[in-house]
Each structure stands twice: as C-alpha cells, then as structure tokens.
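Values in this document were obtained by computation on a predicted structure and should not be read as measured data.
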Amino acid sequence: MKTPTLFRAATLVALLLMPGLARAEDEKLPARETFEVAEHTAYLYAAPQPAEGKPWLWFAPTLKGVSLALRRVYFEGLLKAGVSIAGFDLGEVRGAPGSSAQFSLFHEEMVRRGFDRRPVLLGQSRGGLMMLGWGFRNPEKVRAFVGIYPVCNLAEWGMKNKDVTLADYALSEEEMRKEMTRYNPLDNLKPLLDHKVPMFVIQGDSDQAVPYDQNTRLLKERYEAGGGQITVKLIPGEGHAASPAFFEDRDLLAFMLKAVGK
C-alpha cells in the first residue's frame with residue numbers, strides 16, 4: 001500500500017527533529033558560517049575549493065538555516081564542484097519591494113566577500129516568490145533560476161495566505177489586488193527574458209499545496225511565449241513533499257552546474 005504523502009512528510013520532519021539524527025547530520029556537514037546583515041542572519045556554506053569566480057547558489061526560504069544542507073545530492077554535488085551555498089533569513093516574506101531591498105543588502109555583502117555577482121537562485125515552495133521577486137527587480141544579477149515546486153503566482157497562492165502577504169507588502173487587501181500586476185512575478189518576466197536568464201523547475205503533478213496549473217504551468221507558458229529558455233520536469237504522482245524525486249534529481253543538479261560553467 002502506498003504511504004500517504006502527508007504521513008511521509010510528517011515522518012520525515014519527525015526524524016529530522018530527533019536529537020541524535022540532527023547531531024549526526026551536523027557532524028557530516030562542512031563548516032557553516034553565519035553573519036549579520038541589517039540585523040538578519042545570513043548562512044554560508046563555502047566550497048572548500050571554490051571554482052573560478054566563486055560561483056554560488058542562493059537558496060530560499062532560509063528559516064534559521066539553509067535546509068538544502070540536508071539534501072545530500074545537491075549539497076555535496078555543488079560544494080565538490082566549487083559552488084558555495086548561501087541564504088538569508090528574512091522570515092516569512094513574499095517578494096515585496098521592501099523585502100527584496102533587504103535581500104539586495106545580503107547580495108551586496110556576498111559580492112563584497114568576493115562571490116560572483118550573478119548567483120543561481122533556487123526557490124523551494126514559497127521561496128519561489130522570494131527569488132522571482134528579487135530576480136525580476138535585479139535581472140542583471142541573476143545567472144539562472146531553479147524551482148522546486150515553487151510558488152510563482154502571487155495573485156493566487158499569495159492571496160490565500162493574505163495576512164502574511166499583506167504584511168510583507170504593507171498594503172491593504174484592496175490596494176494589493178488593485179496593484180497585483182505590478183508585483184506578481186508572472187506579470188513581470190520581461191526583465192528576466194531580456195537578460196536571457198535560463199530556468200529549470202521540477203514539480204509533481206499531484207501537488208495540492210502549490211498547484212502546478214496555477215504556478216509552474218503559467219510560468220512555463222509565459223516564459224516560452226516571451227522566447228525564454230525554461231525546462232519543466234513534471235513528476236507523475238508526486239505532491240508537495242521532501243521526496244527523492246525532488247531532492248535527488250540529477251538533471252536539476254546538472255542544470256545548476258552548467259549554469260555556472262561546470
């Protein structure tokens with residue numbers, strides 16, 4: 001009998017919260033550096049032998065740490081190739097101009113530390129809004145966008161979570177809906193298209209939390225209509241879970257490495 005997705009996800013979370021397992025994982029990870037930018041914490045896993053130009057992957061959401069550090073295939077594959085991994089903990093933001101400006105402060109600090117001006121952006125779930133929101137405002141600083149079941153549609157998903165969304169944008173619901181096309185990543189792809197930013201997205205066709213048809217499908221249709229390069233890998237039967245289908249995908253890893261010239 002197939003284990004229900006919610007049960008599998010809950011089991012995974014429970015295992016990761018077990019003290020013994022957490023210690024074992026921490027012991028295997030390379031040194032993690034933390035530093036403060038505008039009173040928020042940044043997390044950096046620096047590649048032991050950085051590739052030329054010090055390429056890096058910017059992961060979101062970063063909530064008290066970079067969860068990608070537990071995804072061994074991507075984490076180890078990137079670090080071994082000389083690609084560092086970093087994230088910036090702004091909490092539950094949704095890609096507003098204000099939070100994007102704070103992300104820019106983090107980006108500036110990474111560049112000051114010698115890292116590539118053009119990171120690869122990876123948005124997982126709601127991290128899609130964070131990275132696409134920053135990306136379309138700073139397209140010249142984006143090497144590529146990668147999504148793991150990413151939220152792309154502020155008008156749909158964002159307004160189902162409207163309290164958090166309205167707080168990030170500092171707008172009333174009436175103001176938000178009136179100005180939606182100004183803020184929704186799906187309506188602001190032209191800057192990324194103009195800078196020929198390639199994209200790769202992996203998602204399940206049974207995702208109920210971030211429905212494919214309302215998010216990635218629209219991203220694909222609009223990006224391709226604008227002449228953009230986007231690859232979407234749709235996984236049959238998969239939902240919104242931390243499963244190997246999403247976190248051990250060799251095509252996704254290959255795309256990230258190709259984006260930085262590896």
Do the side chains of [X] and [Y] join up, straight or via other hydrophobic residues, at under 4.5 Å, putting them in one cluster?
X: L253; Y: V201; value: no
X: F247; Y: V120; value: yes
X: W58; Y: L90; value: yes
X: L121; Y: L252; value: no
X: L132; Y: V197; value: yes

*Out of W56, Y43, W134, which one pairs with F106 under the ring-ring contact (aromatic ring centres under 6.0 Å, His included) rule?*
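Exactly one pass, corresponding to W56.
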_Under the rule for side-chain hydrogen bond (donor to acceptor under 3.5 Å, both in side chains), what residues qualify as partners of S125, not counting sequence neighbours?_
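For S125 the side-chain hydrogen bond (donor to acceptor under 3.5 Å, both in side chains) partners, ignoring immediate neighbours, are H240.
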Quick one, [X] and [Y] - any side-chain contact, counting heavy atoms below 4.5 Å?
X: P119; Y: M110; result: no
X: P198; Y: K258; result: no
X: R250; Y: V73; result: yes
X: M131; Y: L122; result: no
X: V232; Y: Q203; result: no
X: L218; Y: C152; result: no
X: V37; Y: E108; result: no
X: F136; Y: L189; result: no

_Salt-bridge contact E221-R217 (side-chain N to carboxylate O under 4.0 Å)_ =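 Counted as a salt bridge, because a side-chain N and a carboxylate O are separated by less than 4.0 Å.
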Do the side chain of [X] and the main chain of [Y] share a donor and acceptor less than 3.5 angstrom apart?
X: D168; Y: G95; answer: yes
X: S206; Y: G239; answer: no
X: D207; Y: Y212; answer: no
X: R126; Y: P61; answer: no
X: D205; Y: L234; answer: no
X: N153; Y: N215; answer: no
X: N184; Y: L154; answer: yes
X: Y169; Y: R94; answer: yes
X: N138; Y: K141; answer: no

How long is the span from the [atom1] atom in [X] to the [atom2] atom in [Y], to the nearest 0.5 Å?
X: M159; Y: R177; atom1: CE; atom2: CZ; answer: 4.0 Å
X: S104; Y: R137; atom1: OG; atom2: CZ; answer: 9.5 Å
X: H107; Y: Q102; atom1: NE2; atom2: CD; answer: 16.0 Å
X: Y45; Y: L78; atom1: OH; atom2: CG; answer: 13.5 Å
X: Q229; Y: E224; atom1: CD; atom2: CD; answer: 10.5 Å
X: K262; Y: E52; atom1: NZ; atom2: CD; answer: 9.0 Å

For a quick test of reading the model, state the closest non-hydrogen atom pair linking [X] to [Y] and the distance between them.
X: D116; Y: P55; answer: CB-CA, 4.0 Å
X: L105; Y: A38; answer: CD1-CB, 3.9 Å
X: G77; Y: L257; answer: O-CD2, 4.3 Å
X: A81; Y: A51; answer: O-CB, 3.7 Å
X: P191; Y: N188; answer: CD-O, 3.4 Å

*How would you list, by chain and number, every residue that makes a side chain to side chain contact (heavy atoms under 4.5 Å, CB included) with R113, sequence neighbours excluded?*
E33, F35, E109, F115
*With side chain to side chain contact (heavy atoms under 4.5 Å, CB included) as the test, would you mind laying out the steps for L192 and F145 before giving the verdict?*
CA-CA 10 Å; L192 295 167; F145 171 76; over 6 Å; no
_Mutual orientation of the aromatic rings belonging to F255 and F200 [parallel < 30°, tilted 30-60°, perpendicular > 60°]_ =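 Geometry flag for F200 against F255: tilted rings.
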*Contact list for residues 146-164, test salt bridge (charged side-chain N to carboxylate O under 4.0 Å, His left out), sequence neighbours left out*: E156-K160, K162-E173
*May I ask you to check whether over 12 heavy atoms, not counting those of E174, lie within 6.0 Å of atom CD?*
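Not buried by this count: 12 neighbours or fewer within 6.0 Å.
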_Residue pair E36 / T41, side-chain donor-acceptor N/O under 3.5 Å_ = yes
*Compute the ring centroids of Y149 and W157, then answer whether they are less than 6.0 Å apart.*
no
